[in-house]
Novice: 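This is the structure, below, for whatever I ask next.
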Amino acid sequence: MDIVKPRPFHGRVAAALAVLTAGVAAFPRAVPNTPGRVGSLLESFLPWLGLAVVPLLLYGLVRRAPAVLVAVLLPVAVWTRLFGGLLLPADAAGPRDLVVVQHNVADDNPDPAGTARSLAGSGADLIALEELVPDALPAYERILAARYPHHVVRGTVGLWSRYPLGGTRTVDIKPAGLTEPWSRGLRAVAATPHGEVAVYVAHLPSVRIVPRGMTSGRRDESAVRLGRAVAAEPLERVILLGDLNGTVDDRGLDPLTSRLEVPRRGFAFSFPAGLPLVRIDQVMARSATVDRIDALPATGSDHLPVRARIGLD
């Protein structure tokens, strides 16, 4: 009986796919954002591109194809270069650290009191919340008050703090095309033991994944407005907390990621809560280091809370 050998063509295709995967991972900006903002969609799920290596590796092993196995090393190396550092242990906590929590609590949260109790036990110094609705707000104010005596709410976003807050104001990040009432940004100054810090809380417009790609025009416009506000901030230290409806790799958030430091350690996928695939709940900083970010246990929201440790430089 003859042994059927794999055709060399198939091996070349698998090797080419490995090289292509490495190229896309290394240079996602080469993928155009039109039509349908395909580039941003790719960047949103960029860490998961590493899974493409698994079937290619299995093919190379089963078919005993050395060229494929060697080619697979390229996307592995690229993924490790891009995301391997996020898996490393964070630096030890320092005396000038702040712990912050960011959470979109969901406007249809069936248990705001339970969510508030969970957040109160997080050990955070600052807690930022989005999608605060009038019916649920009293529960958050009542339960968080004991540990967080200082808070400010503007529209549907709020900030709770262990430290006094001043300089509070609304930040206008409303896209030009919206006509209904819409207030999703605030700025406050937290008087921490290590000096004043400007804290921004924001909730950028949602994006939708549709057959033709991703709709993110309003999100991108809102990010530009928020980026300008941060750039004009007179205080040196800035912390941004928010549901930005985008990952730190998404080019739509360039107005923010070009100005602020993102977390050095941790993936902290936060959405959707039932099967977290992306982190769209973000913690960024200027003149400070976001040492690590982690996802906290689920609440009554469709987002997971995220907690980060920030070292004040």
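Computed from a prediction, not measured in an experiment: that's the story for all the values here.
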Novice: Do L256 and L240 make a side-chain contact, defined as non-hydrogen atoms from C-beta onward lying under 4.5 Å apart?
Specialist: yes
Novice: Side-chain donor-acceptor pair under 3.5 Å between R279 and S270, yes or no?
Specialist: no
Novice: Is L46 reachable from L41 through a run of hydrophobic residues whose side-chain heavy atoms are each under 4.5 Å from the next?
Specialist: yes
Novice: What distance separates N104 CG from E131 CD, expressed to the nearest 0.5 Å?
Specialist: 4.0 Å
Novice: Which atom names give the shortest non-hydrogen contact between G158 and L132, and what distance separates them?
Specialist: N-CD1, 3.6 Å
Novice: Is a side-chain donor or acceptor of D111 paired with a backbone partner of G114 at a separation under 3.5 angstrom?
Specialist: yes
Novice: Angle class for the F83/F267 ring planes (parallel below 30°, perpendicular above 60°, tilted otherwise)?
Specialist: tilted
Novice: Under a 4.0 Å threshold between the charged nitrogen and the carboxylate oxygen, would E130 count as salt-bridged to R184?
Specialist: no
Novice: For residues P175 and L178, determine if any side-chain heavy atom of one lies less than 4.5 Å from a side-chain heavy atom of the other.
Specialist: yes
Novice: Does atom CZ of R228 have more than 12 heavy-atom neighbours from other groups under 6.0 Å away?
Specialist: no
Novice: Going through the distances and angles, do D294 and R292 end up as a salt bridge (charged side-chain N to carboxylate O under 4.0 Å, His left out)?
Specialist: CA-CA 7 Å; D294 298 288; R292 183 166 186 87; 3.2 Å; yes
Novice: Give a yes or no on whether F271 and W48 share a hydrophobic cluster (residues Ile, Leu, Val, Met, Phe, Trp, Tyr; joining criterion: side-chain heavy atoms under 4.5 Å apart).
Specialist: yes
Novice: With clusters defined by side-chain heavy atoms of hydrophobic residues (ILVMFWY) lying less than 4.5 Å apart, directly or transitively, does L204 cluster with V224?
Specialist: no
Novice: Ignoring hydrogens and angles, tell me if any N or O in the side chain of R219 forms a donor-acceptor pair with the backbone of N245 under 3.5 Å.
Specialist: yes
Novice: Check whether any side-chain heavy atom of R187 lies under 4.5 Å from a side-chain heavy atom of R154, and answer yes or no.
Specialist: no
Novice: Distance from E43 atom CD to L253 atom CG, nearest 0.5 Å?
Specialist: 10.0 Å
Novice: Nearest heavy-atom pair of L304 and P297: which atoms, and what distance?
Specialist: CD2-C, 4.3 Å
Novice: Is the shortest side-chain heavy-atom distance between L165 and V199 below 4.5 Å?
Specialist: no
Novice: Can you tell which of D291, D125, D91 makes a salt bridge (charged side-chain N to carboxylate O under 4.0 Å, His left out) with R309?
Specialist: D291
Novice: Do E261 and M284 come close enough that some side-chain heavy atom pair is under 4.5 Å?
Specialist: no
Novice: Output yes when R286 and E233 qualify as a salt bridge under the 4.0 Å nitrogen-oxygen rule, no when they do not.
Specialist: no
Novice: Just do the side chain to side chain contact (heavy atoms under 4.5 Å, CB included) check on V153 and W160 with the steps written out, would you?
Specialist: CA-CA 9 Å; V153 174; W160 275 257; 3.9 Å; yes
Novice: Quick one: do D220 and R251 satisfy salt bridge (charged side-chain N to carboxylate O under 4.0 Å, His left out)? Show the steps, please.
Specialist: CA-CA 9 Å; D220 296 351; R251 69 192 73 178; over 6 Å; no
Novice: Taking all non-hydrogen atoms of both residues into account, name the closest pair between S44 and T247 and its distance.
Specialist: O-CG2, 3.4 Å
Novice: Side-chain donor-acceptor pair under 3.5 Å between T115 and N109, yes or no?
Specialist: yes
Novice: Would L312 and T192 count as a side chain to side chain contact (heavy atoms under 4.5 Å, CB included) here? Give the steps.
Specialist: CA-CA 10 Å; L312 299 181; T192 79; 4.1 Å; yes
Novice: Please report the C-alpha distance between I310 and D97 in whole Å, then the side-chain angles of each, then the deciding distance to 0.1 Å, and finally whether the side chain to side chain contact (heavy atoms under 4.5 Å, CB included) criterion is met.
Specialist: CA-CA 5 Å; I310 298 178; D97 285 354; over 6 Å; no
Novice: Kindly compute the distance separating CG (L241) from CG (D281), expressed to the nearest 0.5 Å.
Specialist: 10.5 Å
Novice: Give a yes or no answer on whether the side chain of R259 reaches the backbone of P255 with a donor-acceptor pair at less than 3.5 Å.
Specialist: yes
Novice: Assess whether atom CZ of R147 is packed by more than 12 heavy atoms of other residues, nucleotides or ligands within 6.0 Å.
Specialist: no
Novice: Kindly give the heavy-atom pair with the smallest separation between W182 and S222, and that separation in Å.
Specialist: CH2-OG, 4.2 Å
Novice: Under 4.5 Å between any side-chain heavy atoms of Y163 and P149, yes or no?
Specialist: no
Novice: Is there a donor-acceptor pair closer than 3.5 Å between any side-chain N or O of K174 and the backbone N or O of E180?
Specialist: yes
Novice: Quick one: do the T156 and H203 side chains pair a donor with an acceptor below 3.5 Å?
Specialist: no
Novice: Could you check whether any side-chain N or O of H194 sits under 3.5 Å from a backbone N or O of P95, counting only pairs where one atom can act as donor and the other as acceptor?
Specialist: yes
Novice: Nearest 0.5 angstrom please: I280 CD1 to F269 CZ, how far?
Specialist: 12.5 Å
Novice: Output yes when a side-chain donor or acceptor of R117 lies under 3.5 Å from a complementary backbone atom of I143, and no otherwise.
Specialist: no
Novice: Okay, side chain of Q282, backbone of L244: is any donor-acceptor separation there less than 3.5 Å?
Specialist: no
Novice: If you look at every heavy atom in F45 and L277, which pair is closest and at what distance?
Specialist: CE2-CB, 4.3 Å
Novice: So, taking the atom named CG in L42 and the one named CG in L49, what distance separates them when rounded to the nearest 0.5 Å?
Specialist: 6.5 Å
Novice: Does a salt bridge link D249 with R29, judged by any charged N lying under 4.0 Å from a carboxylate O?
Specialist: no
Novice: Would you call Y140 and P112 a side-chain contact if the rule is heavy atoms closer than 4.5 Å?
Specialist: yes
Novice: Assess whether atom CZ of R81 is packed by more than 12 heavy atoms of other residues, nucleotides or ligands within 6.0 Å.
Specialist: no
Novice: Any chain of hydrophobic side-chain contacts (each under 4.5 Å) joining L98 to L186?
Specialist: yes
Novice: Determine, step by step, whether V238 and Y200 satisfy the side chain to side chain contact (heavy atoms under 4.5 Å, CB included) criterion, reporting the C-alpha distance in whole Å, the side-chain angles of both residues, the deciding distance to 0.1 Å, and the verdict.
Specialist: CA-CA 8 Å; V238 175; Y200 285 75; 3.9 Å; yes
Novice: Mind checking the OG1-CG spacing from T257 to D250? Nearest 0.5 Å is all I need.
Specialist: 9.0 Å
Novice: Are I293 and V201 joined in one hydrophobic group, where the rule is that I, L, V, M, F, W and Y side chains link up if heavy atoms are under 4.5 Å apart?
Specialist: yes
Novice: List the atom of N33, the atom of G39, and the distance in Å for their closest heavy-atom pair.
Specialist: OD1-N, 3.2 Å
Novice: Contact between H151 and L159 at the side-chain level, heavy atoms closer than 4.5 Å - yes or no?
Specialist: no
Novice: Could you check whether any side-chain N or O of R237 sits under 3.5 Å from a backbone N or O of A285, counting only pairs where one atom can act as donor and the other as acceptor?
Specialist: no
